[in-house]
Number of protein chains: 2
Amino acid sequence: MLFYNIIIRYMESEIVEKNESNGKREKSTIVDVARVAGTSVATVSRALSGGNYPVSMATRKKIQLAVETVGYTPNLLGKMLKTKFNPTIGIVIPSYQNPFYIQLIHGISQKAALLGYTISTFSSQRNVLFERNIIKQLLQKRIMGLMIASVDDSPNTLTQYISNGGKVCVFESNFKDLNTFIVAKTDMIESGRTAMKHLISMGHENIAIITTPLSKQSRSSTIKGCRLAMAEHNHEFTDEDIIIAPYEYEFEDGLYEFEVGQDLVKILLERKKKYTAILAVNDLIACGIINELKKMNIRVPEDISVIGLDDIPLSSMISPALTTVHMPSYNLGQKACQLMVDAMVNQEETYGVALSIRPELVIRDSVKRLE
Amino acid sequence: MLFYNIIIRYMESEIVEKNESNGKREKSTIVDVARVAGTSVATVSRALSGGNYPVSMATRKKIQLAVETVGYTPNLLGKMLKTKFNPTIGIVIPSYQNPFYIQLIHGISQKAALLGYTISTFSSQRNVLFERNIIKQLLQKRIMGLMIASVDDSPNTLTQYISNGGKVCVFESNFKDLNTFIVAKTDMIESGRTAMKHLISMGHENIAIITTPLSKQSRSSTIKGCRLAMAEHNHEFTDEDIIIAPYEYEFEDGLYEFEVGQDLVKILLERKKKYTAILAVNDLIACGIINELKKMNIRVPEDISVIGLDDIPLSSMISPALTTVHMPSYNLGQKACQLMVDAMVNQEETYGVALSIRPELVIRDSVKRLE
DNA sequence: ATGAAAGCGCTAACAC
DNA sequence: GTGTTAGCGCTTTCAT
């Protein structure tokens, strides 16, 4: 009898005409469901998405059936407009080429899925204007959670985002971090120090650093860490020992840093001072260095040792496999995402939450112990 | 006098209370702008987002000023709900680890930006359930354009998406492509053939193929192309010459295929038949092969030649630099995006639009000419 | 446990 | 050129 009723209702409903009439099929709405189920829209809403508002089992069943017969897909746009809540997190990274960010996204996405949030990722392609535009778009879509590795020199866009009610988590930035951000960074000072200490512990004293420009905060932190390690061991270390690339640029193919390594190691070898080890501020540079040394028939690590920073997949693929410092980006992403969601639900202001992840040394084959 | 008027209006408006009152700042809406500008909401809408509907210059100015004083940010949710149009394209790829997809995204995003569309990318992590869930989410957000490299064995989710009014462009799939999709693929048969022909033209006859399982359509197409080339030159080629990995798996770090190369080349060398060249179905496998050969002190290309397929950045970083076949994924992304947007604006059904991009041989140092 | 109705912010007839 | 108004699909008081 109940079943009969439903059949009747189904036949009565306009669903057929609705889906086949004027070419442009209309998607069915909560109203259609209500009509077919023979309830009010309010009840449908409560049954379908209301938290634990009481709806009788009988009506729940009817509604479920109605949903299927009319082929209902909820329209999140309506819901968001009404509730003023958008459970999605925008992620902005400078480039998809960098494995560090990829791992980061991976960590975030795992956690977000667990918490019922959706992520939406964008690449600024290291373009400040693009970055600002992406953030504007997020704001317009009322995506109020933003996790970003910023290439902007000014925090203005972000503070504006926050003053519009958004929450932001910063992974990387060139500006001074404000205490309205969640700051989640790997400890670059510590990672530079770790790498340097390893070289020292392997008996090296004459160490050169090869780096891209120090304009980025993370770069200078790394160098600071290196200096620290040298000082701790009373080894001499001057600006002379740092070779800095003259320019910064992002190739589409992500080869820029590799080439920096290739170019700068040549310059290094022409110096009068003889080094036994090279520290590269990231793995891609280190790989470029090793590649170039090979071409020159200089053996790694027999003739010279090389250590990197990052631990990208490539590092274990080359030979000799690169000794480096692992950045736990996956972990960082997970933890940061949790903080983000917390901030989004308890709408209170976030004051200088900081998350710092310690790097780990991974020993492979590119550093030799000196006698 | 005009200026004075505006000041007055500004002071009269509730904007101040609105932004400072009950903690939760209310975002200003088109209504606020209209009030401050002293016009109707319709006019504001027309001035701000209406195409070329006539609005006098004077009111335009007033509105612009009002926008700034109230700090108005349009709410796209409202707009989309009303217009039933969401100018964003969802992109779903199996993994962020694969440079091919990254380039593809890059191409899409460039074109999309040009056309005023936003892209939103997701990784299915080669998980069918994730993939389906992402598509469901897109539907709920009324994102009616989807560009996907699918890992699903069934096209059901996609056809359902289409029957809900969505447009889909398929880059890769294991199912038979329906003529309701835009199909944009690189010509895998041609690429396999190109690689093989190069080896043949360099004097090789005894060629082995190393590959991951052939379950994926693209893989078997590649092999088909290889066979074709051998047949064209009347060279013998049997299933014996193909070494297939026993399993398929995606590591988080994207190292799976590299390891396949390492493992399978060992098996290859134990065979009685002696090969002068190896064709790897992708570059990552080829890099693994070269890496392993080096460990065994077998020289590439002097002792054995290796050719890959894809042209990923890594290929030019290793030594010897890998000879391979370039997949114009950036290009493919651009063209496909254009087709996608076309499909989204002219809402007519898309019937079997197909886009096939021809690969190009890239000669580097891993193939030797045989005397 | 259910329903009626008032909007969320926006656009698009339809009037003038 | 401008204004009025009726929704888009949904949630959520406030009744009952």
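Just so we're on the same page: letters track the sequence lines, and every chain starts at 1.
Comparing Thr59(A) and Val31(B) against DNA chain C, the residue whose closest nucleotide sits nearer the 5' end is Thr59(A). Between Arg46(B) and Thr43(A), the residue anchored nearer the 5' end of DNA chain D, judged by the nucleotide with its closest heavy atom, is Arg46(B). DNA chain D is contacted by both Lys84(B) and Ala42(B); Ala42(B) maps to the nucleotide lying nearer its 5′ end (nearest heavy atom per residue).
The phosphate of dT11(D) (OP1 or OP2) has a side-chain N or O of Lys79(A) nearer than 4.0 angstrom. Contact annotation: Thr83(B) does not reach the phosphate of dA12(C) (side-chain N/O to OP1 or OP2, under 4.0 Å). Side-chain N/O atoms of Ser45(B) include none lying less than 4.0 angstrom from OP1 or OP2 on dA12(C). In terms of phosphate contacts, Lys82(B) brings no side-chain nitrogen or oxygen within less than 4.0 Å of OP1 or OP2 of dA6(D).
Straight-line distance from the NZ atom of Lys141(B) to the C1' atom of dC8(D): 19 Å, rounded to whole Å. Note: OH (Tyr72(A)) to P (dG9(D)) measures 10 Å, nearest angstrom. Lys62(A) places its NZ atom 10 Å from the C1' atom of dT2(C), with the value rounded to the nearest Å. At whole-Å resolution of the value, CD1 in Ile30(B) and P in dA12(C) are 11 Å apart. Tyr53(A) has its OH atom 7 Å from the C1' atom of dA1(C), to the nearest Å. Whole-Å rounding puts the Asn86(B) CG to dG9(D) P distance at 14 Å. We find that CG of Leu77(A) is positioned 14 Å from P of dG9(C), with the value rounded to whole Å.
Between Tyr96(A) and Tyr96(B), the ring planes are parallel. Angles under 30° get that label, and only those over 60° would be called perpendicular.
Here Phe85(A) lies out of heavy-atom contact (under 4.0 Å) with every strand. Contacts of Ser56(B) with the nucleic acid, taken as non-hydrogen atoms under 4.0 Å apart, involve only primed sugar atoms and P, OP1 or OP2.
To the nearest 0.5 Å, the span separating NE2 on His106(A) from CD on Gln125(B) amounts to 3.5 Å. Expressed to the nearest 0.5 Å, how far CE of Met344(B) lies from CD1 of Ile89(B) amounts to 5.5 Å. Within the model, atoms CG of Leu81(B) and CG of Asn75(B) stand 10.0 Å from one another, a figure rounded to the nearest 0.5 Å.
In the set dT5(D), dC8(D), dA4(C), the nucleotide with an atom closest to the side chain of Val41(B) is dT5(D). Listed nucleotides dC8(C), dA1(C), dC10(C) differ in distance to Leu81(A); the shortest reach to its side chain belongs to dC8(C). If you check dT11(C), dG9(C), dT2(C) against the side chain of Val55(A), the one that comes closest is dT2(C).
Here the rule is side chain to side chain contact (heavy atoms under 4.5 Å, CB included) with Leu146(B), and of Val170(B), Leu139(B), Ile135(B), Ile91(B) only Ile135(B) fits it.
Across all non-hydrogen atoms, the minimal contact from Ile143(B) to Tyr161(B) is O-OH, 2.5 Å.
Using a 3.5 Å distance cut-off with no hydrogens or angles, the side chains of Lys141(B) and Asn86(B) do not pair a donor with an acceptor. For the 3.5 Å distance criterion, the side chains of Gln338(A) and Asp342(A) qualify, holding a donor opposite an acceptor.
In the helix from dA1(C)-dT16(D) to dC16(C)-dG1(D), the end axes, each obtained as the rotation axis mapping the C1' atoms of four pairs onto the next four within a five-pair block, lie 30° apart to the nearest 10 degrees.
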